[in-house]
Protein chains: 2
Amino acid sequence: MGKEHHHHKPRTAEEYKQFIKNAGLSFTKPRLAILEILVRDHGPFSADEIFKKLPEKMCDLATVFRTLKQFKEKNLINPVKFDEDFTRYEFNDPHHHHHHIICTQCQKMQTIEDCFLEQFEKKLQKMGFREISHSLEFQGVCPRCANA
Amino acid sequence: MGKEHHHHKPRTAEEYKQFIKNAGLSFTKPRLAILEILVRDHGPFSADEIFKKLPEKMCDLATVFRTLKQFKEKNLINPVKFDEDFTRYEFNDPHHHHHHIICTQCQKMQTIEDCFLEQFEKKLQKMGFREISHSLEFQGVCPRCANA
DNA sequence: GAGATAATTGCAAGTGACTTGCAATTACTT
DNA sequence: AAGTAATTGCAAGTCACTTGCAATTATCTC
């Protein structure tokens with residue numbers, strides 16, 4: 001996605017902690033819990049979905065929004081926007097760049113592994129653009145819905 | 001964008017009228033005025049931007065939202081989502097398919113004419129997906145901002 | 001490690017984009 | 001031209017997301 005990624009996906013408890021601190025954020029329980037969900041369950045999730053996955057009393061929904069905002073600013077996660085009235089976020093794994101297709105009927109989402117857009121970003125870079133990233137999302141009726 | 005387009009861009013007053021009626025919508029002054037803005041000024045515009053471009057007292061902002069919703073349902077316009085908290089819409093011109101790059105500093109937008117994604121949609125079609133469309137948007141710092 | 005300082009959090013209230021109920025107006029049908 | 005159906009204006013409502021502030025928790029400094 002164009003931007004620099006000096007991190008790899010955290011695995012151990014200690015790595016999660018360092019991951020958050022390396023990003024320049026202080027380490028708190030809510031941030032750990034939210035990051036774990038994004039890393040382990042990797043679908044693009046809305047703030048609300050993440051909130052519901054958190055253990056009871058972990059934190060307020062406002063904290064989820066604040067945390068997502070900071071994670072995004074630190075480039076740990078990417079916003080994914082479908083034709084919905086909320087924003088989804090996904091862990092920014094440089095080793096697993098991909099896109100999505102969402103079914104306009106059943107809303108089920110699948111990932112598309114192919115990405116042929118890096119070359120295109122290089123073109124833009126030659127044109128003088130910097131810190132380029134892109135988002136590419138497909139919509140359509142999935143095979144199962146099409147046959148029903 | 002994958003979906004069927006049986007229309008071409010309207011030019012004359014009569015064509016605008018027929019264009020709206022062909023879509024199965026009744027012809028009203030607000031709808032004409034909104035469509036004209038989308039066709040003639042072609043940038044992706046928010047409801048608010050369109051509202052401000054309308055002549056005084058043309059209609060309520062609520063009507064702009066309602067109209068955009070219907071235009072979208074009739075596939076006359078496409079939503080374009082950047083990392084903003086509102087939705088932009090753009091006239092769906094089958095003869096001028098393109099994408100955008102928006103500068104994360106000055107917000108200026110440029111169009112990208114290239115589109116190599118039709119082949120990709122064909123792949124998805126072979127997989128059984130129907131009525132496929134896509135959205136591809138780039139973000140980055142534009143040359144002018146990069147040098148400042 | 002204790003205390004000072006700075007950042008984060010919970011809660012409740014606030015925004016802002018977008019929607020909706022309803023009565024009045026306008027478009028379409030015949 | 002009258003009757004029916006769709007659209008509109010207005011105001012109130014919804015929903016995702018934000019924010020002010022006081023209390024808590026993390027980090028820094030000694």
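Sequence lines set the chain letters: A, B, ... in the order given, protein chains first and strands last, and positions in each chain run from 1.
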Can you tell me the distance, in whole Å, between the [atom1] atom of [X] and the [atom2] atom of [N]?
| X | N | atom1 | atom2 | result |
| --- | --- | --- | --- | --- |
| Leu61(B) | dA17(C) | CG | C1' | 9 Å |
| Leu68(A) | dA16(D) | CG | C1' | 12 Å |
| Asp83(B) | dA16(D) | CG | P | 18 Å |
| Phe65(A) | dG14(C) | CZ | P | 19 Å |
| Asn22(A) | dT27(D) | CG | P | 13 Å |
| Arg88(A) | dA16(D) | CZ | P | 12 Å |
| Lys81(A) | dA17(C) | NZ | P | 12 Å |
| Glu84(B) | dC17(D) | CD | C1' | 16 Å |

Tabulate protein N/O versus nucleotide N/O from nucleotides 20-27 of chain C, keeping only pairs under 3.5 Å, one per line.
from: dG21(C); atom 1: O6; to: Arg66(B); atom 2: NH1; distance (Å): 3.4

Do Ile37(B) and Phe19(B) land in one hydrophobic cluster if side-chain heavy atoms of ILVMFWY residues count as linked below 4.5 Å?
yes
Out of curiosity, does Val80(A) fall in the hydrophobic cluster containing Val64(A) (side-chain heavy atoms, cut-off under 4.5 Å, transitive links)?
no
Please tell me if the side chains of Thr87(B) and Asp85(A) come closer than 4.5 Å, counting only heavy atoms from C-beta onward.
no
Could you tell me whether Phe86(B) contacts a base, only the sugar-phosphate backbone, or nothing, with contacts defined as non-hydrogen atoms closer than 4.0 Å?
sugar-phosphate
Just by modelled atom types, is the Glu14(B) backbone N or O under 3.5 Å from a matching donor or acceptor in the Gln18(B) side chain?
no
Judged by atom type as modelled, is there a donor-acceptor pair below 3.5 Å linking the side chain of Asn92(A) to the main-chain atoms of Asn78(A)?
no
Tell me, please, whether [Y] has [X] positioned over its six-membered ring: NZ or CZ under 6.0 Å from the ring centre and within 45 degrees of its axis?
| X | Y | value |
| --- | --- | --- |
| Lys9(A) | Phe91(A) | no |
| Lys72(A) | Tyr89(A) | no |
| Lys17(A) | Phe27(A) | yes |

Just by distance, no angles: are the side chains of His98(A) and Glu90(A) close enough, under 3.5 Å, to form a donor-acceptor pair?
yes
Is there a side-chain polar atom (N or O) of Thr87(A) under 4.0 Å from OP1 or OP2 of dA16(D)?
no
Could you tell me whether the phosphate oxygens of dA17(C), OP1 or OP2, come under 4.0 Å of any side-chain nitrogen or oxygen in Ser46(B)?
no
Closest to side chain of Cys59(A), choosing from dC18(C), dA16(D), dG10(C):
dG10(C)
Taking it one step at a time, do Ser26(A) and Arg31(A) satisfy side-chain contact (heavy atoms from CB on, under 4.5 Å)?
CA-CA 9 Å; Ser26(A) 41; Arg31(A) 287 181 184 162; 3.5 Å; yes
Salt-bridge present (Arg88(A), Glu49(A); N to O < 4.0 Å):
yes
Between Glu36(B) and Arg40(B), does at least one N-O distance fall below 4.0 Å, as a salt bridge requires?
yes
Estimated bend of the helix from dG1(C)-dC30(D) to dT30(C)-dA1(D) (axis per five terminal pairs, rounded to 10 degrees):
50°
Within residues 10-19 of chain A, find the residues that approach DNA chain C with a heavy atom at under 4.0 Å, and present them sorted by residue number.
none
